[in-house]
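Structure record follows, encoded as structure tokens.
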Amino acid sequence: MLHDRIALVTGASRGIGRAIADALGRAGAVVIGTATTQKGADAISERFQAQAIKGRGRVLDVADPTSVVALMQAVEAEFGPPTILVNNAAITRDNLLMRMKDEEWSAIIDTNLSSVYRLSKACLRGMLKARFGRIINIGSVVGSSGNAGQTNYAAAKAGLLGFTRSLAREVGSRAVTVNAVAPGCIDTDMTRELGEGQRKALLTTIPLARLGQPEDVAQAVLFLASDGAGYITGETLHVNGGMYMD
């Protein structure tokens, strides 16, 4: 499906990012998956090798413009310019607004939103030249529904949706699509930390009565990255089991 397309996936060492990178690789893409440490990047490379996925892991600090420039130079020199970009890397710094520190706000905005600007801008030149591109931004149900204690995270994810729609209008004429995938409650390390009572209460809000799997999100991304999604742009695909319906 994605034979020899060059895909860059940020935050690919675990959870949703890991599932996305692996799915793109199994579909034939050459995948560069990023992690924040060399150990994490090496683990991605080893994982790809075990699955016969072409590509490698690379270290990236998405909040550091210098790190983004260095990554793009290395990727383009070894593989060529990416024509598929999945902006997945994100962090949380949950707190009630009255108690939130400036650092907790700025860290989320810089990592979860400004990074999308940096990486998208860095990849656009190659996509426009190729007259093909897929930018897929990983949002969150929280960006649409809101969530107490996550004003910073919700603001970043809501901003990501506006960014997606605006960039889609800028680059659509060059066959570059820009879409978002907004996961709901996915069975990852974070949700596994919830108590049994919390998990049961959460499930009552989901019509499909189960947590999503990282692979559920990966399949949505795989579709949007494919030629079959060439007439879809500026959209947000909610993957949440019916928890939030737009």
Side-chain angles (χ1 to χ4, degrees), residues 1-35 41 43-58 60 62 68 71-72 74-89 116 119-139 164 167-168 171-183 186 212-239:
M1 183 186 298
L2 302 177
H3 181 65
D4 287 340
R5 298 283 191 195
I6 299 169
L8 173 59
V9 181
T10 65
S13 60
R14 61 179 184 167
I16 291 172
R18 173 178 179 147
I20 290 170
D22 291 359
L24 296 177
R26 288 193 296 268
V30 177
V31 184
I32 299 89
T34 75
I44 292 171
S45 295
E46 292 169 6
R47 194 177 81 234
F48 286 174
Q49 186 175 18
Q51 299 179 76
I53 291 173
K54 292 176 284 186
R56 68 170 68 243
R58 289 279 189 182
L60 174 65
V62 297
V68 172
L71 172 76
M72 293 303 300
V75 170
E76 291 181 8
E78 184 172 1
F79 301 104
T83 53
I84 298 171
L85 169 65
V86 182
N87 285 305
N88 169 73
V116 177
L119 270 299
S120 299
K121 184 177 180 181
C123 289
L124 266 181
R125 187 180 301 275
M127 293 180 180
L128 295 175
K129 185 176 181 180
R131 297 192 71 86
F132 175 89
R134 298 284 187 265
I135 297 176
I136 303 161
N137 300 318
I138 306 303
T164 297
L167 184 58
V171 298
S173 65
R174 301 297 290 273
V176 177
T177 67
V178 189
N179 292 289
V181 174
I186 307 300
Q213 296 299 312
E215 291 73 21
D216 293 323
V217 182
Q219 288 302 308
V221 172
L222 180 60
F223 167 65
L224 290 174
S226 73
D227 289 344
Y231 201 56
I232 301 172
T233 195
E235 291 297 323
T236 299
L237 178 54
H238 290 277
V239 183

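All residue numbers refer to positions in the sequence shown, counting from 1.
By the neighbour-count criterion of 12 heavy atoms within 6.0 Å, atom CZ of Arg47 is densely surrounded, having more than that number from other residues, nucleotides or ligands. Atom NZ of Lys54 has more than 12 heavy atoms from other residues, nucleotides or ligands within 6.0 Å. Other residues, nucleotides and ligands contribute only 12 or fewer heavy atoms inside 6.0 Å of the CD atom of Gln49.
Taking all atoms of both residues into account, the shortest heavy-atom contact from Gly57 to Ile44 is CA-CG2, 3.7 Å. In terms of heavy atoms, Pro214 sits closest to Gly15 at CB-O, 3.8 Å. Taking both residues in full, the closest heavy atoms of Leu24 and Ala225 are given as CD2-CB, 4.1 Å, listed atom of the first, atom of the second, then distance. Scanning all heavy atoms of the two residues, the minimum distance from Val75 to Pro82 falls at CG1-CG, 4.0 Å. When all heavy atoms of Val176 and Phe132 are compared, the closest pair comes out as CG2-C, 4.2 Å. Here the closest non-hydrogen pair linking Pro183 and Gly139 is CD-O, 3.2 Å.
Under the 3.5 Å distance criterion, the side-chain polar atoms of Asn137 are left unmatched by any main-chain donor or acceptor of Val116. At distances below 3.5 Å, not a single donor-acceptor pair connects side-chain atoms of Asp22 with backbone N or O atoms of Ala19. Side-chain atoms of Thr164 do not come within 3.5 Å of backbone N or O of Gly234 as any donor-acceptor pair. Listed for the Thr10 side chain is a donor-acceptor partner under 3.5 Å among the backbone atoms of Asn88. Put simply, the side chain of Asn179 never gets that close to the backbone of Ile136: no donor and acceptor are under 3.5 Å apart. No donor-acceptor distance shorter than 3.5 angstrom exists from the side chain of Thr83 to the backbone of Met127, with no hydrogens or angles considered. Side chain of Arg134 to main chain of Ser226: a donor-acceptor pair is present (N/O by atom type, distance under 3.5 Å, no hydrogens or angles).
Taken from CD1 in Ile135 to NZ in Lys121, the straight-line distance is 13.0 Å, to the nearest 0.5 Å. In this structure, Leu124 CG and Lys129 NZ are separated by 14.5 Å, a value rounded to the nearest 0.5 Å.
Between Arg125 and Glu76 there is no salt bridge, since none of the side-chain N atoms of the basic residue sits less than 4.0 Å from a carboxylate O of the acidic one.
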What's the verdict on side chain to side chain contact (heavy atoms under 4.5 Å, CB included) for Ile32 and Ile6, showing C-alpha distance, side-chain angles and the deciding distance? CA-CA 8 Å; Ile32 299 89; Ile6 299 169; 3.8 Å; yes
One pair to check against side chain to side chain contact (heavy atoms under 4.5 Å, CB included): Cys123 and Met72. What are the steps and the verdict? CA-CA 8 Å; Cys123 289; Met72 293 303 300; 3.8 Å; yes
Apply the test side chain to side chain contact (heavy atoms under 4.5 Å, CB included) to residues Thr233 and Val171: give CA-CA distance (whole Å), side-chain angles for both, the deciding distance (0.1 Å), then the verdict. CA-CA 10 Å; Thr233 195; Val171 298; over 6 Å; no
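Partner Ile138 forms a side-chain contact (heavy atoms from CB on, under 4.5 Å) with one of Val239, Val9, Val221 and no other, that one being Val221.
Thr177 places none of its side-chain heavy atoms less than 4.5 Å from the side chain of Leu224.
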